[in-house]
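Only this structure's heavy atoms are used, side chains among them; waters, hydrogens and symmetry mates stay out. The shown structure was predicted, so the numbers you read here are calculated from the model rather than taken from an experiment.
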Amino acid sequence: KMAESWRPATYHDEYHDQLMTYIERKAKTGRGRTAAPAAKSGGSGKVLDLMALLKKSVQQGRKAKVPSPRTRKTTPKRRSA
């Protein structure tokens with residue numbers, strides 16, 4: 001049970017106030033905060049076509065097909081004496 005009745009006027013939404021201040025400032029100046037520059041990953045920046053690489057891999061897999069256990073020749077089992 002609650003000790004006293006709910007009074008929403010006693011609570012204040014600080015996030016809403018900060019957001020409205022930001023929006024008003026942006027509307028007046030036409031500028032807002034800018035995002036931080038992206039960190040350099042040290043990569044080459046080269047974009048890879050993953051679908052083409054996947055298709056190539058599948059084709060190579062088909063060429064080097066390993067015989068299944070059913071089609072492989074087996075040697076007859078020897079009987080022990």
Side-chain angles (χ1 to χ4, degrees):
K1 292 185 179 184
M2 296 179 71
E4 57 186 54
S5 62
W6 169 251
R7 290 179 290 162
T10 60
Y11 298 95
H12 186 71
D13 186 2
E14 294 173 5
Y15 174 77
H16 180 265
D17 292 342
Q18 291 173 356
L19 182 61
M20 292 308 295
T21 302
Y22 172 74
I23 291 171
E24 289 169 1
R25 181 173 18 129
K26 184 165 175 120
K28 286 180 185 175
T29 64
R31 296 182 353 196
R33 289 188 282 178
T34 58
K40 298 267 182 181
S41 64
S44 65
K46 184 178 176 183
V47 178
L48 299 175
D49 184 4
L50 294 178
M51 186 55 80
L53 292 173
L54 180 60
K55 287 178 181 179
K56 183 179 177 181
S57 174
V58 168
Q59 289 299 324
Q60 288 176 349
R62 287 182 182 161
K63 289 178 185 176
K65 191 174 181 179
V66 177
S68 67
R70 289 185 217 159
T71 59
R72 203 175 337 156
K73 293 182 180 179
T74 59
T75 57
K77 293 183 180 179
R78 294 185 187 191
R79 290 188 171 172
S80 58

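If you chain together hydrophobic residues whose side chains sit under 4.5 Å apart, Ile23 and Tyr15 fall into the same group.
If you take NZ on Lys55 and CG on Asp49, they are separated by 8.5 Å, rounding to the nearest 0.5 Å. Note that the CD atom of Glu24 and the CG atom of Leu19 stand 10.0 Å from one another [nearest 0.5 Å]. Interatomic distance, NZ of Lys56 versus CD of Gln60, reported as 5.5 Å (0.5 Å rounding). Taken to the nearest 0.5 Å, the CG atom of Leu54 stands 10.5 Å off from the CD atom of Gln59.
Side-chain N or O atoms of Thr21 include one that pairs as donor or acceptor with a backbone N or O of Asp17 at under 3.5 Å.
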